[in-house]
Chemist: 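Dumping the structure here so I can ask a few things about it.
Protein chains get the first letters and strands the later ones, always in sequence-line order, with residue 1 at the start of each.
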Amino acid sequence: MSARMRAVVLALLAVAAVATTAGAAIASTPPDAGGDLVLAQGGETVRGVLRDGEGEPVPDVAISVATPDGEVVGETATDADGAWEVGLPAPGDYVVTLDAETLPEGVDLRDADRNPLEVTVRSAQNRTLIFALGEGAGGSRFLNSFLAQAVSGLRFGLIIAITAIGLSLIFGTTGLVNFAHGELVALGAIIAFFFNAPASVGGFGLTLILAGLIATVLSAAAGGAIELGLWRPLRKRRTGLIQMLVISIGLALLLRNALQVWFGGGSRPYYDYTIQQSLVFGPIRITPRDLIVMALATIVLVGVATMLQRTRIGKAMRAVSDNRDLAESSGIDVQRVILIIWVIGGGLAGFGGVLAGVVENVSYLMGFRLLLLMFAGVILGGLGTAYGAMFGSIVVGLITELSTLWFSTELKYVWALGVLILILLVRPQGLLGRAERIG
Amino acid sequence: MPETPAARVLADVEPRPGVPKPDPILVVDSVVRRFGGLKAVDVEHLEIQRGAITSLIGPNGAGKTTFFNLMTGFDRPDHGSWSFDGHDLSRVPAHQVANYGMVRTFQLTKALTRLTVIENMKLGATSQRGERFLPSLWPGVWRSQEREIEARADELLARFRMDHMRGELGGTLSGGQRKLLEMARALMVDPAMVMLDEPMAGVNPALTQSLLQHVKDLPGFGKTVLFVEHDMDVVMDISDWVVVMAQGRIISEGPPAAVAKDQAVIDAYLGADHGDESRFTPVSFEASAAAARRHDQEESA
Amino acid sequence: MDVDFTRVLVDGLRTGLGPVAAVYALAAIGLNVHYGYTGLLNFGQVGFMLVGAYGMGIAVSIHSLPLWLGIILGMLAAVALALLLGFPTLRLRADYLAICTIAAAEILRFVFRSSPMAEVTGGAFGIPSQVGGSGFSSGFYRLNPIPEGAYGIGPVMFSHTRLWMMLVAWLLVALAVVLVWALMRSPWGRVIKSIREDEDAARALGKNVFAYKMQSLVLGGVLGGVAGIVLVMNQGAMTPDQFLPQLTFFAYTVLLLGGAATVVGPVLGSILFWFILQAMDSLLRQTGFGSAALGAVRLAFVGLILILLMAFRPQGLLGNKQEMMLDA
């Protein structure tokens, strides 16, 4: 007993030493001060700057601030620079209303639901609020925001789909529920960030397109390396699936936090394509950046589907996923197929991470935030199938964004996760999966 | 042809599918189970005679195991009804079926690997008060009962010649020993009927003889036996009555000698894929034992 | 390099014996009931901790109920969550159950921190200890019978308030250990373990597997709820973002380190886990390691322990190697 214990303690100390030196070798990046909270001395205020869709300031718009009980505490109008500020009596909850009647011709709130705004102001906080303005659009307000949310839901769903294919195929071929898949997503996004960042901040200053390509390739390599260095040896040792699931959680913790040490705790945008003018298609407005993201995602998804359907390796993947023993006995090199799935899955995850980073921001946590949604998509479509993962992920993306039409934005992931649980309960084989024969 | 009391009673029963028996313990009516478009089980009527050894045979994929699963509540039929010893069993959960006195074993043995042999056995006992949450905290409530159960378990282990392994973990037993343990454990429930799913598969010849003897002894203890078996020598040796399934249906039933001559049965076996012909002749025990071991490994992997 | 190893050791010991280690021991004992004994892969233990803590906090701090009643309500909240989660999910396969439970715990966190719920739960800011003079932890510390001062052996010293916290927390751990020991040697424990081995076998022998799984889920969940209560009591405040999924992962590491399906494994695991983690922290700090990255290095290290444990010693420190081998 004691000898066993000693050996373990020694092993752990050795690990500690390795972790220490590894950690110390990587310089830490201070987290970004981002967000809309700016601390200042003195009393609490709410403030902001109104700009229209072209970025021009909008003056003479009336804004009022009230307590949640409806007691007005201050009123103001925007100045020539579009700026406004209202002093508050104390920290607490306030309701800020923009008087849409005072907006000039042709300018309208882009999201009518975001007026009035409910805010919580902390002690000594000068809270900045944004009323997004744009061209006044005709037609029903609800229809407009419905379309807007549907587009961003589709965009989100496409990104989830790209990242989730690998997760689903890995489960289909090896039975592994890989909790570390999200980290490949963050890895891709972060690699692209450093290749994209200018030399002055320690990057290579490449265009995002090139940086994204490199990130995809490196993530694919990382996927292959994880398979060869970890999972294949574990499978050879006949490690149980539950054990492997727990190991994948350990791997996720390790990778995610190594990424944090590397990238820092904050979230940062890419240096390219940050500010863009929206294109307007009837009631839908979309930036060229988002349009390209969606087009790229669609092309990649169609490409993957074609590969699975037409190519030898794609057919082999589906065969292994369908029935591993049968595939093995019909002469398919299963280990090689699994390796290729890891490489492709890793590359897709990394690519999805780059797209997610373009649309939102890059952070070390972005993969973990996506993971449960990936699971939701994969399970919704039917675990182990690539097409199911694509379909389910898009549904999850749509649910997430469309829910904000009726419910609080803070709860948007709740609906997606709720659907995940619901599907597991009523149709665990997924919407597209087949019922398995029992006994 | 065995000369058991049950065989004598059944000698007067006409050998045709769905025939009524003088004293049935299990009565099945129009039970259907579909998987996709396939009717895995489609049994119009079947009665199992109390106190007899009935064997259920048929080519692979005939639906025998699915039929077991349906009868014991491990699977639900699309429709149909069946009753056991006066209890209507449709929609009764599996554990309740066992408590009514119908206990099954599994084709792939389910020895509880990280429990010792004696713990495996004691688990079979029913109505142990200490199995309820709050009473379990007060040993006074269950200790005396536990002693009785343990004595009964030891007795059964001795009968199955496994008493020397009572402290071993279930996972260390050989495939054949697991089969023995599973049967002995089923008897701990003190059931009126035991359903054995391929109890001889993967068991070495020496153990097969003793297992067979245990099965033959069961009617003497007042038990009814229904078992699935592929080895026709075994079936001929110990059955009082044979039921033949093919493609989900009962195609023949009768005393062993009558069934062996039934043209429908021969056709079913020959018509099925040729691998199954070997089932008619005793297969090499080594080969089947190896196959069973592979099976077990796959299952636990 | 000037490293004071006594300091490292003292820091490690203070944390290894401290209330947080007791909290994780409790949560891991609950997981041990779920995973170690019953085979339920609950990855939402932190959800039970959350509802336990908030059940108590809302009752005591917002509705000014007495502390003892708040604690009972916190435990009842854990029972309610177990029933709500268990009825639909206990029939699922192990890996699906894992995904389902982690999703449920995240749903709880999102809902509790959302502003529509702020009136009930305090939203993202949570419940501070002092609300209208009836803070939950001040009530707890008022019960402290230990005279003011510092206590300890040599350099390992604790203040009287911390000692009181530790005393209560470890007492609860001891109670939980005795409870699990008593249950697992009984026929009830035998049925529970048989379900872990093969639930169909247990079912075929007449055991109501669903009912037993539910009892196990409730028992382990309540232990998780108590862990949550002790956690926020020690911190004096609660916010939903204290209850991240990684708390569950920590608890699993603690359990697997000590040895799943052993009675004192989770306790030993927790003490050792926090000792190692804090000693490492102390060492890194003394070598001038930036504090920003320290938290991340610490978490990465936990991940590494988890991988190595599962790959090379899945039975943990106290588990039986032979039993583990049978599983593979």
Chemist: Given the options C/A211, C/A202, C/P187, C/A201, which has more heavy-atom pairs under 4.5 Å with chain B than any of the others?
Modeler: C/P187

Chemist: Please classify the contact of B/F106 with chain C as side chain, backbone, both or neither, using a heavy-atom distance under 4.5 Å.
Modeler: side chain

Chemist: Counting heavy-atom pairs under 4.5 Å to chain B, which of C/D200, C/L183, C/V209, C/V191 comes out on top?
Modeler: C/D200

Chemist: Output the option from B/R129, B/M188, B/R185, B/Q96 having the highest count of non-hydrogen pairs under 4.5 Å with chain C.
Modeler: B/R185

Chemist: If you draw a 6.0 Å radius around CZ in B/R152, do more than 12 non-hydrogen atoms from other residues or ligands fall strictly inside?
Modeler: yes

Chemist: Taking all non-hydrogen atoms of both residues, which atom of B/A98 and which atom of C/A204 are closest, and how far apart?
Modeler: CB-O, 3.3 Å

Chemist: Is any side-chain heavy atom of B/L137 closer than 4.5 Å to one of C/S186?
Modeler: no

Chemist: So which part of C/L219 gets closer than 4.5 Å to some heavy atom of chain B, the side chain, the backbone, both or neither?
Modeler: side chain

Chemist: Which heavy atom of B/A125 sits nearest a heavy atom of C/K207, and at what distance?
Modeler: O-NZ, 2.9 Å

Chemist: Relative to chain C, which segment of B/R132 carries a heavy atom at a distance below 4.5 Å: side chain, backbone, both, or neither?
Modeler: backbone

Chemist: To the nearest 0.5 Å, how far apart are CG in C/L205 and CG in B/L112?
Modeler: 7.5 Å

Chemist: How many angstroms lie between CZ in C/R190 and CG in B/N120, if you round to the nearest 0.5 Å?
Modeler: 10.0 Å

Chemist: Rounded to the nearest 0.5 Å, how far apart are NZ of B/K110 and CD of C/E199?
Modeler: 9.5 Å

Chemist: Looking at B/F133 and C/Q215, what are the two nearest heavy atoms and their distance?
Modeler: CB-OE1, 3.8 Å

Chemist: Taking C/E197 for its side chain and B/R114 for its backbone only, find out whether a donor-acceptor pair lies under 3.5 Å.
Modeler: yes

Chemist: Got C/R185 and B/P139 here, is their nearest side-chain heavy-atom distance under 4.5 Å?
Modeler: yes

Chemist: At a heavy-atom distance under 4.5 Å, which candidate from C/A182, C/S194, C/G189 has the highest pair count against chain B?
Modeler: C/S194

Chemist: Should the heavy atoms of other residues, nucleotides or ligands under 6.0 Å from CZ of B/R159 be counted, would the total exceed 12?
Modeler: yes

Chemist: Between B/N99 (side chain) and C/G206 (backbone), is there a donor-acceptor pair under 3.5 Å?
Modeler: yes

Chemist: Which answer fits C/F210, side chain, backbone, both or neither, if we ask what part of it has an atom under 4.5 Å from a heavy atom of chain B?
Modeler: neither

Chemist: For a quick test of reading the model, state the closest non-hydrogen atom pair linking C/W188 to B/E131 and the distance between them.
Modeler: CD1-O, 3.1 Å

